[in-house]
Amino acid sequence: MSDITSKIAVRPSLGALANPTRFLNLVRILLPWLWVVTIALFIAGLWLSFAAPEDYQQGRTVRIMFIHVPSVWVAMFAYMVMVSSALGVLVWRHPLADVAARAAAPLGAAFTFLGLITGSIWGKPMWGTWWVWDARLTSFLVLLIIYLGLIALWRAIEEPAAAARPAAVFILIGAINVPIIKFSVDWWNTLHQPASVFRADGPTLSPEFLWPLMVMALAYSMLFLTLHLMTMRNEILRRRIRSLQITTARRAERGQVE
Amino acid sequence: MHLVVTDLSAIRGGEVIFSGLSFRINEGEALIITGHNGSGKSTLLRVIAGLLTPATGEVCLNGKPEGASPDFDDRKFYEHCHYLGHENAMKPALSVEENLRFWRAMDDEPHLEIPEALEMVGLPALAHVPFGHLSTGQKRRISIARLLVSWRPVWLLDEPTAGLDTGSERQFAELMKIHLEDGGIILAATHIPLGLKNTQSLVMNTATMVDETQ
Amino acid sequence: MSMFDDKYFAYVTSSYGITLLVLAGMVLWARAQFKSRTAKLDEMEKLGITRRSQKR
Amino acid sequence: MIALFLRDVRLSWRAGGGALTGVMFFLAVVMVVPFGVGPDLNLLARIGPAMLWLGALLASLLGLDRLFQADREDGSLDILLMNGTPMAAIVFIKCAAHWVTTGLPLVIAAPLFGLFMNMPPLAIAATMATLVAGTPAITFVGAVGAAVTVALPRGGLLLAILVLPWTIPVLIFGVSAAYGAVEDPAPFTEPFIVLVAISLFFAVIGSLGAGAVLRHSDH
């Protein structure tokens with residue numbers, strides 16, 4: 001019976017964050033500040049977006065842009081975080097990499113779902129239907145399926161260490177979809193309007209729209225970062241409980257001296 | 001209360017496993033079934049447990065242990081039996097306590113409380129541990145604990161001490177003694193001497209009855 | 001108030017409403033999970049510790 | 001008996017339980033249709049109810065082979081067989097638990113997928129109603145297939161083939177009821193009532209049948 005004593009197999013590796021206990025302390029210290037910054041950004045963003053003038057065509061619905069676009073960006077940002085975590089698992093074998101990837105998946109799925117819903121509500125008055133099968137929306141729906149597939153994969157394999165590599169490989173395979181989303185508006189003639197911020201020759205949005213969008217995007221990103229630290233902490237705790245259960249069983253086995 | 005088996009025979013896959021088997025076991029007695037592998041020990045236990053239909057013969061339980069529920073007799077025979085097969089009948093994803101609580105709720109005659117049952121098998125600390133994390137020996141002892149959480153007079157045990165170390169074996173022999181003293185009946189297919197007093201033994205390959213031996 | 005009789009009003013409020021629901025849901029879910037796990041961990045640590053010191 | 005229901009529901013959420021797989025498969029089926037059929041919205045709206053029904057049918061057949069196999073592999077099935085309760089009741093409760101963890105999520109997800117198929121709200125509501133009435137029939141009839149194939153290694157595939165013929169009436173009445181709600185001449189209530197009748201009928205036949213098969217299979 002191999003004697004599993006250490007709670008999480010920690011190998012010497014780069015970065016102070018590698019040690020889960022130190023990471024947990026860091027999170028405990030950082031969280032209050034992160035919440036303060038996130039809430040402040042949200043207040044500023046919402047205030048700015050409601051101060052923005054109405055769009056001459058869309059009227060009031062342009063306000064939906066301020067919550068649709070950030071959630072799409074964060075959905076893809078979350079996937080980028082998972083891709084780097086997947087590399088962390090496969091290349092550098094960083095012990096927290098799988099934790100980071102696994103913690104980001106539900107958040108990414110939620111932001112993707114939000115992006116789909118708000119986009120669909122925003123599109124209804126303009127396109128007349130809730131959903132249209134065009135390149136941008138479909139590839140974004142594929143992103144949601146990839147997220148849900150990853151969550152199902154992680155839930156299917158009970159042993160966390162065993163799930164790390166297959167999940168990482170699946171993340172990398174799924175990564176092809178993100179550029180497709182980004183450039184789908186350019187490659188195919190889509191109903192979805194072309195990129196208006198991150199473009200070769202600079203944003204086409206006028207400043208009073210650009211500022212609320214930027215602040216809201218920052219607020220969303222900070223929210224994601226805060227939630228991601230929390231879900232990573234939850235995942236570490238889940239693994240601690242699990243290994244503590246294993247050691248209790250092992251100790252009961254060894255303690256069986258009549 | 002006594003268990004009577006008359007002219008029992010079983011055929012599986014067209015081949016006669018055993019035939020013309022009759023015996024009677026009284027309250028507080030045990031029957032140790034031995035024989036080489038594939039001699040039909042498990043088949044006999046599964047037939048008595050009602051999981052396999054016998055070719056001929058019948059199994060019946062006469063009389064009633066004191067303190068049994070009024071409608072004791074009219075329930076099917078196997079409802080008075082606990083069966084412990086090669087598998088442990090526990091879900092790896094559920095914790096030990098959840099598994100035992102489930103089996104205790106499934107039977108209508110609860111017996112020991114779960115902590116008490118775990119204490120009897122010497123694993124009190126494992127209540128919250130998911131069953132999948134236990135070692136083979138511990139899993140076997142938890143499936144033995146299942147026999148304790150609800151009361152059924154007849155125990156049908158197929159290699160009960162498989163995977164157990166000597167300490168746990170002695171502990172289980174102790175549990176079997178207590179069950180016999182409580183007026184139960186035990187049929188156990190095992191090679192390991194369980195040190196029980198009033199036992200009959202049945203050697204399966206020649207399917208003959210060997211009378212009372214220590 | 002022109003703000004309310006605008007026919008787009010329903011769209012804006014519903015999208016903001018759903019966003020608020022989902023974001024708040026995520027935060028509450030994360031906090032609830034944290035609380036239940038720390039509670040379970042403390043309970044097991046306490047249990048775990050007494051088991052170790054108590055010589056059977 | 002509630003204990004068995006609660007255990008199965010709780011199990012489907014634990015690691016390896018597969019609670020999400022039914023809905024995911026349903027989403028995959030609905031998503032693939034526009035790629036095959038083309039993004040023409042009113043065509044999609046016309047075939048919407050049929051596609052939702054096909055997806056729900058295949059998705060609920062998906063998880064059925066594990067209905068008894070999991071219990072057989074870990075020995076629980078033997079102990080359940082020795083329980084005092086008649087096997088039909090045990091099968092009924094396991095089917096109910098399976099329906100709640102697989103069938104119900106399909107119904108809850110149907111409106112979202114209805115939007116993907118550009119279906120009008122009335123059609124979505126009708127499809128949801130027919131799905132609520134129809135998916136139990138699939139689970140119960142599938143239970144008989146699951147009981148028959150419980151000992152076979154690749155039971156899942158055989159189950160789908162065995163059970164598909166009996167699910168055709170469910171599909172026919174389900175889709176016709178869904179269309180009935182939208183096109184005026186076609187009735188909604190008549191096929192819907194037949195659908196409910198089929199579900200109740202299969203609930204009895206399926207439970208009794210699967211119970212008998214499990215009871216008398218000398219494996």
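The sequence lines fix the lettering, A, B, ..., with proteins before strands; numbering per chain opens at 1. Side-chain atoms are counted along with the backbone in the values below, which use heavy atoms only and exclude waters and symmetry mates.
- C/V22 touches chain A through its side chain: at least one heavy atom from C-beta onward sits under 4.5 Å away, while N, CA, C and O do not.
- If you measure heavy-atom distances from A/F42 to chain C, the contacts under 4.5 Å come from the side chain alone.
- Between A/R238 and A/E235 there is a salt bridge, since at least one side-chain N of the basic residue sits less than 4.0 Å from a carboxylate O of the acidic one.
- Proximity to chain C (any heavy atom under 4.5 Å) is restricted, for A/L114, to the side chain, taken from C-beta onward.
- When ring centroids are compared, A/Y79 and A/Y147 come within the 6.0 Å threshold.
- Of the two parts of A/R233, only the side chain, counted from C-beta on, holds a non-hydrogen atom closer than 4.5 Å to a non-hydrogen atom of chain C.
- Of the listed residues (A/I67, A/L237, A/T118), the greatest number of heavy-atom pairs within a distance under 4.5 Å of chain C belongs to A/I67.
- Here the closest heavy-atom approach between residue A/I151 and residue A/A105 is recorded as CG1-CB, 3.8 Å.
- If you measure heavy-atom distances from A/L223 to chain C, the contacts under 4.5 Å come from the side chain alone.
- Contact count versus chain A (heavy atoms, under 4.5 Å) is highest, among C/K40, C/R37, C/M26, C/Q33, for C/R37.
- Side-chain contact between A/M216 and A/H68 is absent, with no heavy-atom pair separated by less than 4.5 Å.
- Contact annotation for A/T38: neither backbone nor side-chain heavy atoms come within less than 4.5 Å of a heavy atom of chain C.
- The parts of A/I241 that come within reach of chain C are both its backbone and its side chain, each placing non-hydrogen atoms under 4.5 angstrom from that chain.
- Side-chain atoms of A/R22 and A/N25 include no donor-acceptor pair closer than 3.5 Å.
- Annotation: side chain of A/H228 is in contact with side chain of A/T231 (closest heavy-atom distance under 4.5 Å).
- Of all heavy-atom pairs between A/F209 and A/F66, the closest is O-CE2, 3.6 Å.
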